[in-house]
Amino acid sequence: ITWIKLRTNMFDDEKIKLIEALPNGDSIIVIWMKLLAQAGKVNCGGYIMITENIPMNLDEMVILFRKSIQEIKFALTALERYGMIEIDENSTIFITNWEKHQNILS
């Protein structure tokens, strides 16, 4: 797909406000937006993938998102803490409620 939906009031969300208050909060928000864009680009139901068969790993995120490994790890920890992403036993990242927010199931 070539676009994803974003809520116009997303910056009023408590989770986003808490993330913005963290050290490098703006960087975490940028990483969040890049995760959303990647999930939409590959269109695998909210999974963060390089292709439909290759999950994106940390080293690839560092290169593609142009952030340090520390920034990526910190962002993923924060996003997981607030329930915005899930990381499965294979370290594959999934956007929580992707279908709901993109109105795929409605």
Side-chain angles (χ1 to χ4, degrees):
I1 60 178
T2 58
W3 57 270
I4 59 170
K5 294 180 182 181
L6 298 174
R7 291 184 12 239
T8 57
N9 65 347
M10 72 180 285
F11 292 103
D12 297 328
D13 185 277
E14 290 176 349
K15 294 174 186 177
I16 296 294
K17 287 180 180 182
L18 290 168
I19 289 169
E20 286 179 312
L22 294 172
N24 296 318
D26 289 346
S27 180
I28 298 170
I29 298 298
V30 168
I31 291 168
W32 171 239
M33 302 299 284
K34 289 184 178 203
L35 288 169
L36 293 174
Q38 186 68 27
K41 183 166 112 177
V42 179
N43 198 21
C44 287
Y47 283 92
I48 308 303
M49 310 287 283
I50 298 293
T51 69
E52 63 183 50
N53 298 319
I54 303 171
M56 186 181 290
N57 66 34
L58 287 176
D59 293 329
E60 292 161 338
M61 281 184 206
V62 166
I63 294 166
L64 296 175
F65 293 0
R66 288 174 249 132
K67 300 288 182 184
S68 71
I69 189 84
Q70 294 83 8
E71 287 177 294
I72 297 290
K73 286 181 178 181
F74 187 71
L76 294 178
T77 299
L79 295 169
E80 187 175 32
R81 171 179 166 75
Y82 293 118
M84 299 163 75
I85 63 169
E86 296 173 30
I87 303 173
D88 70 16
E89 64 279 351
N90 299 318
S91 299
T92 303
I93 301 166
F94 173 78
I95 304 292
T96 306
N97 296 320
W98 174 257
E99 290 86 4
K100 174 184 165 192
H101 294 299
Q102 297 302 312
N103 292 322
I104 293 170
L105 299 178
S106 56

Enquirer: Does anything in residues 68-82 pair up under side chain to side chain donor-acceptor pair (under 3.5 Å), and if so which pairs, sequence neighbours excluded?
Expert: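 Passing the test, one end in residues 68-82: S27-E71, S68-Q70, S68-E71.
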Enquirer: Start with the C-alpha distance between L79 and I93, add both sets of side-chain angles, then the distance that settles side-chain contact (heavy atoms from CB on, under 4.5 Å), and finish with yes or no.
Expert: CA-CA 11 Å; L79 295 169; I93 301 166; over 6 Å; no
Enquirer: Would you check if V42 and I50 make a side-chain contact, meaning some heavy-atom pair closer than 4.5 Å?
Expert: no
Enquirer: Please list, chain by chain and in numerical order, all residues satisfying side-chain contact (heavy atoms from CB on, under 4.5 Å) with D88, sequence neighbours excluded.
Expert: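 Applying side-chain contact (heavy atoms from CB on, under 4.5 Å) to D88 gives N90, T92.
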Enquirer: Please report the C-alpha distance between F11 and I29 in whole Å, then the side-chain angles of each, then the deciding distance to 0.1 Å, and finally whether the side-chain contact (heavy atoms from CB on, under 4.5 Å) criterion is met.
Expert: CA-CA 10 Å; F11 292 103; I29 298 298; 4.0 Å; yes
Enquirer: Scan for side chain to side chain donor-acceptor pair (under 3.5 Å) pairs involving residues 12-25, sequence neighbours excluded, and state none if there are none.
Expert: none
Enquirer: For R66, check side chain to side chain donor-acceptor pair (under 3.5 Å) against everything at least two apart and list the hits.
Expert: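 Here no residue qualifies.
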Enquirer: Report yes if the side chains of M84 and I16 come closer than 4.5 Å at any heavy-atom pair, otherwise no.
Expert: yes
Enquirer: Over all heavy atoms of both residues, which pair between A39 and I48 is shortest? Give the atoms and the distance, please.
Expert: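 Smallest heavy-atom distance, with atoms named: CB-CD1, 3.8 Å.
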Enquirer: What closest approach, in Å, do M33 and M10 show between heavy atoms, and which atom pair accounts for it?
Expert: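 What the structure gives for the nearest pair is SD-CE, 3.8 Å.
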Enquirer: Quick one: closest heavy-atom pair of I31 and A75, and the distance?
Expert: CD1-CB, 3.6 Å
Enquirer: Pairs of donor and acceptor atoms involving the side chains of residues 51-59, under 3.5 Å and at least two apart or interchain, shall be tabulated with distances.
Expert:
unit_1: T51; atom_1: OG1; unit_2: N53; atom_2: N; d: 3.3
unit_1: T51; atom_1: OG1; unit_2: I54; atom_2: N; d: 3.4
unit_1: N57; atom_1: OD1; unit_2: D59; atom_2: N; d: 3.1
unit_1: N57; atom_1: OD1; unit_2: E60; atom_2: N; d: 2.8

Enquirer: Do you reckon I72 sits in the same ILVMFWY cluster as V30, going by side-chain contacts under 4.5 Å, direct or chained?
Expert: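 They do not share one cluster, since no chain of ILVMFWY contacts under 4.5 Å joins I72 to V30.
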Enquirer: Can you measure from NZ (K41) to CE (M49) and round to the nearest 0.5 angstrom?
Expert: 13.5 Å
Enquirer: Would you mind reporting whether L35 and F65 have side-chain heavy atoms less than 4.5 Å apart?
Expert: yes
Enquirer: Listed by chain and number, what are the ring-ring contact (aromatic ring centres under 6.0 Å, His included) partners of F94, not counting sequence neighbours?
Expert: Y47
Enquirer: Which heavy atom in W98 sits nearest to a heavy atom in L36, and how many Å separate them?
Expert: CH2-O, 3.6 Å
Enquirer: Do Q102 side-chain atoms and I4 backbone N/O form a donor-acceptor pair below 3.5 Å?
Expert: no
Enquirer: Taking the side chain as every heavy atom from C-beta outward, state whether M61 and I69 have any pair of such atoms under 4.5 Å apart.
Expert: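 M61 does not reach I69 side chain to side chain.
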Enquirer: What pair of heavy atoms forms the shortest contact from L22 to I28, and how long is it?
Expert: CD1-CD1, 3.9 Å
